[in-house]
**Student:** 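Here it is: the structure, laid out below.
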There are 2 protein chains.
Amino acid sequence: MPKPPGTAGYGRRMQSRSPAPRATGRPRSTTADTAILAATREALVELGWSKLTLGDVAARAGVAKTTLYRRWAGKNELVVDAVAALFDELRLPDRGSLAADIEGVVLQFAAILARPEAKSGLMAVIAESTRDEALRERIRTSIVARQKRLVLEGRTRAQSRGELPPEQDPKTAAHTADLIFDVVAGAVVHRTLVSAEPADETWAMAFTKLLLEGLKETPR
Amino acid sequence: MPKPPGTAGYGRRMQSRSPAPRATGRPRSTTADTAILAATREALVELGWSKLTLGDVAARAGVAKTTLYRRWAGKNELVVDAVAALFDELRLPDRGSLAADIEGVVLQFAAILARPEAKSGLMAVIAESTRDEALRERIRTSIVARQKRLVLEGRTRAQSRGELPPEQDPKTAAHTADLIFDVVAGAVVHRTLVSAEPADETWAMAFTKLLLEGLKETPR
DNA sequence: GCAGTTACGCTACGACTCGTATCGAAAGCC
DNA sequence: GGCTTTCGATACGAGTCGTAGCGTAACTGC
């Protein structure tokens with residue numbers, strides 16, 4: 001009996017990998033998937049990461065505990081998928097200028113991180129991922145990559161507007177994109193979780209100004 | 001029997017609060033304190049946060065499990081103190097310019113976060129602190145405040161050098177200091193833990209340039 | 001419609017961890 | 001020497017873990 005035929009909800013996003021979703025036998029209940037992930041988020045809000053137990057999640061979702069273990073290897077993987085669903089709503093409408101786009105990205109990150117299930121879940125799995133390469137890769141593809149796409153998209157727009165210089169060397173361009181992403185995402189996360197203060201519009205404006213103009217006074 | 005007479009090693013740093021360290025009775029073994037904290041860091045490296053148990057730490061430190069529970073309320077508080085000790089080495093030598101000072105701070109943060117015990121421990125307790133106000137305050141005073149002091153010190157130096165404008169309104173000055181701190185610390189944390197790439201000298205230089213000059217090309 | 005295959009709910013299980021209680025012994029003050 | 005507090009050791013009930021076993025449900029192909 002193979003453990004991960006599609007690795008549950010996560011598999012749906014990259015079904016290009018799995019050779020065949022299996023044609024025979026009773027199919028896995030997709031409603032159970034969504035119920036389990038919703039129950040996981042609910043438990044994260046009420047109990048937090050450390051006190052969350054798989055037995056409790058199963059009871060909330062109305063499924064047997066064994067069903068959970070058939071689909072997910074453990075708590076870490078389950079919470080990653082549950083939290084990843086929160087990032088589905090990430091969009092980047094064109095707001096006309098680089099500054100406005102940065103503010104938009106920041107506020108969207110902040111809105112997700114303001115949720116208690118994201119706060120207690122995301123950082124915990126990131127902490128666990130320092131000792132688990134597979135988990136880190138799972139987080140990267142299902143969460144970080146989607147955040148990063150927004151940053152890259154905003155950058156392309158700014159270049160087409162002429163607000164940013166076009167890419168010179170594609171290698172250094174990738175490095176600066178990584179840098180900007182770490183700065184944007186890191187700042188929002190640190191503000192929200194460590195400083196524990198809201199990353200509201202006022203803060204987003206100040207951050208954008210700093211990111212665009214820098215710390216030095218720009219000589220006129 | 002009162003639980004925290006000094007709250008262990010952490011209490012030593014702010015003994016101004018505790019009214020009297022108690023003059024009577026057998027004093028708590030200070031060697032046990034350091035042994036326990038060292039054992040905690042060792043266990044963090046070998047087991048990581050989630051698999052770390054207080055019983056295991058007690059065995060490593062050569063003390064009884066009950067001794068641990070007499071001094072710390074639980075795993076969270078213990079790990080905070082164990083990780084906080086890593087930040088004792090934070091210093092900010094004057095390197096002559098704002099850019100060099102920023103690089104110095106970044107590289108010091110990075111050096112600490114490169115350690116496995118900091119990686120797996122720090123983020124985990126921060127995740128837990130989202131549901132525990134007392135724990136958040138403990139983290140703030142014993143870890144975050146010391147980081148922040150470096151940023152503030154670097155700023156004061158830059159002002160005395162004339163590289164940064166002096167404080168206009170003390171209130172907005174505090175806000176921008178908070179902002180800069182979140183950007184610096186957040187970027188290093190995100191680079192190290194989420195992107196999982198080293199925040200080395202090359203990266204520190206690129207980050208410093210971005211923070212100083214901003215994203216826009218400065219019009220000469 | 002029947003055989004084959006897989007998922008499901010349910011129950012039960014040993015192993016482990018938790019946090020506490022209890023006890024006698026040890027270490028420091030008056 | 002008396003008082004107070006900590007220490008090590010052991011034991012304990014409660015809770016969680018991850019797995020196994022079993023009968024049933026769902027879906028496919030002949």
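What you are looking at is a predicted structure, and each value in this text was computed from that prediction instead of being measured. Within every chain, numbering begins at 1; the chains are lettered A, B, ... in the order of the sequence lines, protein sequences first and strands thereafter.
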**Student:** Measure CG/B:Leu54 against P/C:dC16 and give the value in whole Å, please.
**Tutor:**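 So the two atoms are 18 Å apart, to the nearest Å.
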
**Student:** So does A:Lys148 pair up with A:Asp178, basic N to acidic O under 4.0 Å?
**Tutor:**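 Salt bridge between A:Lys148 and A:Asp178, a charged N being under 4.0 Å from a carboxylate O: yes.
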
**Student:** Please determine if B:Asp56 and B:Arg60 form a salt bridge, counting it only when a charged side-chain N lies under 4.0 Å from a carboxylate O.
**Tutor:**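 A salt bridge links B:Asp56 with B:Arg60.
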
**Student:** Assess whether a salt bridge exists between B:Asp33 and B:Arg71, defined as any Lys/Arg side-chain N lying under 4.0 Å from an Asp/Glu carboxylate O.
**Tutor:**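 Yes, charged N to carboxylate O under 4.0 Å.
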
**Student:** Quick one: B:Trp72 CH2 to C:dC18 P, roughly how many Å, whole number?
**Tutor:**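 Rounding to the nearest Å, CH2 of B:Trp72 and P of C:dC18 are 16 Å apart.
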
**Student:** Without decimals, in angstroms, what is the distance between B:Lys51 NZ and C:dC18 P?
**Tutor:**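 Answer to the nearest Å: 14 Å.
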
**Student:** Should we count CD of B:Glu46 as having more than 12 external heavy atoms under 6.0 Å?
**Tutor:**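 Enclosed.
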
**Student:** Between C1' on C:dG9 and CG on A:Leu68, what's the gap in Å once rounded to a whole number?
**Tutor:**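 A:Leu68 atom CG is separated from C:dG9 atom C1' by 12 Å.
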
**Student:** Let me know the distance between CG of A:Asp56 and P of D:dT16, rounded to the nearest Å.
**Tutor:**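 Distance check: A:Asp56 CG to D:dT16 P gives 8 Å.
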
**Student:** Let me see the working for B:Leu210 and A:Val183 under side-chain contact (heavy atoms from CB on, under 4.5 Å), right down to the final yes or no.
**Tutor:** CA-CA 10 Å; B:Leu210 176 63; A:Val183 169; 4.0 Å; yes

**Student:** A:Glu77 has an atom CD; how far is it from atom C1' of D:dG18, in whole Å?
**Tutor:**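 Between C1' of D:dG18 and CD of A:Glu77: 14 Å.
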
**Student:** Hey, does the side chain of A:Lys75 reach the backbone of A:Trp49 with a donor-acceptor pair shorter than 3.5 angstrom?
**Tutor:**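 A pair under 3.5 Å: yes.
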
**Student:** Take the protein atom CG of A:Leu47 and the nucleotide atom C1' of D:dT16, then report the distance between them rounded to whole Å.
**Tutor:**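 Rounded to whole Å, this separation is 13 Å.
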
**Student:** Treat primed atoms plus P, OP1 and OP2 as sugar-phosphate and everything else as base, then score nucleotides 7-15 of chain D 5' to 3': B for base contact with protein heavy atoms under 4.0 Å, S for sugar-phosphate contact only, - for none.
**Tutor:** BBB------

